[in-house]
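The block underneath contains the structure these notes are about, expressed in structure tokens.
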There are 2 protein chains.
Amino acid sequence: MKASYIPTLIELLELGAKDRPISITTSELGQKLGKSQQLASKHLEEMEREGMVERIRSGGKTYVKLTKKGVSSGAALYSSLSRVYAKNESETLEIVGTVFSGLGEGAYYVSLKGYKKQFLAKLGFEPFPGTMNLRLDLPVYRKVRRDLETMKGIHIDGFKDGKRTYGGAECFKAMLNNKVDGAVLVIERTTHDDTVLELISPVNLRKQFNLKDGDEMRVSIFPESSEA
Amino acid sequence: MKASYIPTLIELLELGAKDRPISITTSELGQKLGKSQQLASKHLEEMEREGMVERIRSGGKTYVKLTKKGVSSGAALYSSLSRVYAKNESETLEIVGTVFSGLGEGAYYVSLKGYKKQFLAKLGFEPFPGTMNLRLDLPVYRKVRRDLETMKGIHIDGFKDGKRTYGGAECFKAMLNNKVDGAVLVIERTTHDDTVLELISPVNLRKQFNLKDGDEMRVSIFPESSEA
DNA sequence: ATTACTAGTAATCGAGTAA
DNA sequence: TTTACTCGATTACTAGTAA
């Protein structure tokens, strides 16, 4: 997104266009921005072309709503600034969830060379082939899970192998059940499910802790400090 | 500040120029921004002219530090975005803590007519004379406790009785141990202790749940839906 | 009312290069 | 090396006005 659109994006966010279509004219928007009507019109036009906003015309009025892309562009800005201005940085985040069986496809992805090499280099271990899925039942842990989405972790790059593209992810180093090292895996997706936490570890966690579905597991997450 | 400088400002913030002079060349800055060296140079020049940054030349290197004005420009952006993104609304917040004995002065305050009347009117109950103190041992609950500080609850006004002044507070309706109604009391203080949660309830909680010091208690908090 | 096109100006930006 | 100048291209913006 172009830097000159940032004030417009923020204005739309403040007007509530994140959650619902808002009724606003280009004149009003221009005035709020301290710019001309024509520029507001152009910004909306261009932002629509870029997929940041949707415009709906109804009953002579124009309604503007930010798309998922628009909302997440703002969230990216917010996240950058949070790292600088939010004070609760290098503390430990705690999440407790219950073990459940996923589709088992985690083992496949984690074993791909393109990922495995990065895990070793950036996390310091080669993951056991398989991910551990935790279901987060308590709202308070789902909130922490959502906080992770906005935080900067250890970035794992996506890659291509000729056939298809594999997406990137953010990792957060973690201590599992206060005993075993591992990492939380936050995969870049379009849809965010805040009820599931995905873990990798150098060891077979089910074996290590003798876990079966429904058992509880505690994850202590160590966010990266904001130093660049 | 010009919109086109926002990414530059954010980059400098992320590099730590908020707290100390950072050593950076215009080439490096330009590269980080995905722009040219010349532009980075111009941005720094212009931002210095506007009083957003200071540049110090020492030992052949150039150091850049944001001024108070620069830091607060970033803070303004952050605050706008916070209002939009930092809301944890209408969900239930969960806190678990352990019972401990306070100084017992809670009973005195809660019984004051100036407060008692407001509790009845705004919370719908007259509190049992005495507050329940929970110690928050887990960091995750202390985080929720801090979140409460920034949230708007049910406001209890302060008052004067001729002799002295009594401060205000924010209340959050809560369900205690999934059974009894009550409220969390967030007292307006200068010092914030995020390890203690203070509760009021129409009933004697120690008697109701047969609690002694060290026992656990679960608090489900219902934040007001309107935003602070 | 609106939104958005056209035409023109001002600001922004990058390449080349001086200091 | 570094920073910052000139200059030409591009982009951001406004005024006037059509639709």
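With axes fitted over five pairs at each extremity, the angle between the ends of the helix from C/dT2-D/dA19 to C/dA19-D/dT2 is 40° (10° resolution).
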For residues 68-77 of chain B, which side-chain N or O atoms pair as donor and acceptor with protein atoms under 3.5 Å away, sequence neighbours left out?
from: B/K69; atom 1: NZ; to: B/E50; atom 2: O; distance (Å): 2.7
from: B/S72; atom 1: OG; to: B/K68; atom 2: O; distance (Å): 3.2
from: B/S72; atom 1: OG; to: B/K69; atom 2: O; distance (Å): 3.1
from: B/S73; atom 1: OG; to: B/K69; atom 2: O; distance (Å): 2.9

If you look only at distance, which donor and acceptor atoms sit under 3.5 Å apart when one is on a side chain in residues 51-60 of chain A and the other is two or more places apart or in another chain?
from: A/R55; atom 1: NE; to: A/E48; atom 2: OE1; distance (Å): 3.0
from: A/R55; atom 1: NH2; to: A/E48; atom 2: OE1; distance (Å): 3.0

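Taking B/D157 as the reference, B/K122 meet the salt bridge (charged side-chain N to carboxylate O under 4.0 Å, His left out) condition, with sequence neighbours excluded. Every residue two or more places apart in sequence or in another chain was checked for a salt bridge (charged side-chain N to carboxylate O under 4.0 Å, His left out) with A/E170, and none qualifies. For the salt bridge (charged side-chain N to carboxylate O under 4.0 Å, His left out) test, residues two or more places apart in sequence or in another chain that qualify with A/E14 are B/R83. Residues satisfying the ring-ring contact (aromatic ring centres under 6.0 Å, His included) test with B/Y5, not counting sequence neighbours, are B/H43. Checked against salt bridge (charged side-chain N to carboxylate O under 4.0 Å, His left out), A/E11 has no partners two or more places apart in sequence or in another chain. Every residue meeting the side chain to side chain donor-acceptor pair (under 3.5 Å) condition with B/D137, not counting sequence neighbours, appears here in chain and number order: B/T98.
Contact record, B/L176 with B/I200: CD1-O, 4.4 Å, taken as the closest heavy-atom pair.
Atoms CD and CG, on A/E46 and A/L39 in that order, are 11.0 Å from each other to the nearest 0.5 Å.
Across residues 21-38 of chain B, B/K35, B/S36, B/Q38 each have a non-hydrogen atom less than 4.0 Å from an atom of DNA chain C (numbered order). Of the residues in residues 41-52 of chain A, A/K42, A/H43 come within less than 4.0 Å of DNA chain D through at least one heavy atom, sorted by number.
Although no hydrogens or angles enter the test, the distance criterion places no donor-acceptor pair under 3.5 Å between the side chain of A/N177 and the main chain of A/V180.
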Checklist entry - Given the rule in the salt bridge (charged side-chain N to carboxylate O under 4.0 Å, His left out) test, do A/R145 and A/D194 qualify, once you have shown the distances and angles that lead to the verdict? => result CA-CA 6 Å; A/R145 175 67 180 81; A/D194 63 7; over 6 Å; no

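Note that the first and last nucleotides of DNA chain D, 5' to 3', having any atom under 4.0 angstrom from a heavy atom of chain A are D/dA12 to D/dG16.
Look at CG on B/L39: it is 16 Å from P on C/dA11, rounded to the nearest Å.
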